[in-house]
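Accompanying notes for the structure given below.
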Number of protein chains: 2
Amino acid sequence: MLSQGLPQGAVPKLERPGPLRDRVYEALLELITTRALQPGQHLVESELAGHLGVSRQPVREALQRLNTEGWVDLRPAQGAFVHEPTEEEADQLLTVRTLLEAEAARLAAADAGSAGIAVLRELCAEGERAVDADDVDAAVAMNARFHAKVMELAGNAVLAELAAQVDRRVRWYYTPVARQRGLTSWIEHRHLIDAIEARDELRASLLMREHTEHTRRSYHEREKS
Amino acid sequence: MLSQGLPQGAVPKLERPGPLRDRVYEALLELITTRALQPGQHLVESELAGHLGVSRQPVREALQRLNTEGWVDLRPAQGAFVHEPTEEEADQLLTVRTLLEAEAARLAAADAGSAGIAVLRELCAEGERAVDADDVDAAVAMNARFHAKVMELAGNAVLAELAAQVDRRVRWYYTPVARQRGLTSWIEHRHLIDAIEARDELRASLLMREHTEHTRRSYHEREKS
DNA sequence: CATCGGCATTTTGCAGACAGTAGCCAGCAG
DNA sequence: CTGCTGGCTACTGTCTGCAAAATGCCGATG
């Protein structure tokens, strides 16, 4: 009897490696976002396959997905290239992000429960601690989790999925500047939570819009220096 | 210097069959949107491959793309199933569409040229003619082109791409009802054009929001009958 | 010296083959 | 009759092999 003392939970589904293509996908995405693969670089299937220790097929499927999500450009009969973000595209992407996040804030304000608000406050506090400790990586991570939680409270799965993709790309483009503005960001978060708690949809939406627009402004200011 | 007098665009690039996976993708998408493949149906790779006269590989890649775009659900080690839209999801999708279209209308109002507005009026007139002729298919097609043109005038490629995906899925969900309301729709289009021409961003945005919301209302009314 | 044509290499696109696994049915013990 | 177990089937996931297309280079030529 092997199946005797399994203490409940903790073993949801017996850790399976999952489809290879997904792991390849995540590996490549990691390499791209960390700039290990630079924009414009030519990605050779067999090269990646050899480097990751798999065949070309999973690599192909991962590249297909990265292509539809806008991370790589797949030119027919020529191969995959890491997407090169232009100024214009970055700006447009930020516009869309502002739109999606503002709507999420509005929806969250419309029907957030006290439990969700408590979580937001907790995340916010944790983020501020990270900033105080000068732990930039942790602060960035907490920022992402905060926005994701707001999105979750909005209760719109479609919106959440789109925002997740857009957000990730925005973060890719704006990482340098995003790492800069740590403190003021969390003050704005606090105000946003207050608006959500007050069920003030309009104010929550405007605050979030302003909040994300600050990123754009920081970027353009940085550009001058 | 050969590349001298090429009057920009207009060169069809010598129609080539294009990658097989793309054609498979479009074929499958057509089959799904036309309900030839019903929601929940199990798609067997070898079956599709045989039916289309190609190998499994292009089919797999097409399914991957359809999966990331939300048309099919790809359950590991079990295969692909046509996505089954739920009431909740359809509603959420419509919310997002409203959001994107309204923003597009605002942006279009912000910087549309007279040339673009002329095209809109032309499309509108053509749509009305189709309605008068009771040509429902043409009217639906013109409606899609009209919205696409507004999106183009917005000048935001990222927004346009997202909206294109969302719009197509919305049309899939709401085809029965969408075919109904033909005439009033074009009156609203006219008002929208007026607002864009007047550079009235707020009014354009609100009109578009109202316009797309009508679809939701029509759907819920239909539900009762 | 510049340019054009052809060749070789590289890389993708596609097809077929093999292994692993989930689901199902029959058979059997209780 | 019911519940379990074993094997079977069909499908997916992955790997390898082959042919076509594009690129870049090199030599030939005006």
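Protein chains get the first letters and strands the later ones, always in sequence-line order, with residue 1 at the start of each.
The interatomic distance linking L52(B) (CG) with dA15(C) (P) rounds to 11 Å, in whole Å. One atom, CG of L43(A), and another, P of dT11(C), lie 12 Å apart when rounded to the nearest Å. Atom NE2 of H42(B) and atom C1' of dA10(D) are 10 Å apart (whole Å). With rounding to whole Å, E45(A) atom CD is found 6 Å from dT12(C) atom C1'. Atom CG in D73(B) sits roughly 15 Å away from atom P in dT12(D) (whole-Å rounding). One atom, CZ of R21(B), and another, P of dA15(C), lie 12 Å apart when rounded to the nearest Å. One atom, CZ of R23(A), and another, C1' of dT14(D), lie 12 Å apart when rounded to the nearest Å. F81(A) places its CZ atom 9 Å from the P atom of dT12(C), with the value rounded to the nearest Å.
Phosphate proximity of dC15(D) to R56(A): absent, as no side-chain N or O sits under 4.0 Å from OP1 or OP2. Regarding contacts with the backbone of dG13(C), a side-chain N or O of R60(A) is found under 4.0 angstrom from either OP1 or OP2.
Contact annotation for Q78(B): backbone-only contact, meaning every heavy-atom pair under 4.0 Å involves sugar-phosphate atoms and none involves a base. Among the protein residues, L74(B) comes within range of no part of the nucleic acid, since none of its heavy atoms lies under 4.0 Å from any strand.
For CD of E213(A), the number of neighbouring non-hydrogen atoms (other residues, nucleotides, ligands) closer than 6.0 Å is greater than 12.
For Q57(A) and E47(B), each mapped to the nucleotide of DNA chain D holding its nearest heavy atom, the one lying further toward the 5' end belongs to E47(B).
Under the 3.5 Å distance criterion, the side-chain polar atoms of E47(A) are left unmatched by any main-chain donor or acceptor of V44(A).
Scanning all heavy atoms of the two residues, the minimum distance from V158(A) to Q92(B) falls at N-OE1, 3.5 Å.
Ring planes of H211(A) and H147(A): parallel class, angle under 30° (limits at 30 and 60°). Below 30°, between 30° and 60°, or above 60°: for H42(A) and F81(A) the angle between ring planes is below 30°, a parallel geometry.
Distance from the side chain of S55(B) is smallest for dA15(C) among the nucleotides dC15(D), dA15(C), dC11(D). The listed nucleotides are dA22(C), dC15(D), dA22(D); the one nearest the side chain of L20(A) is dC15(D).
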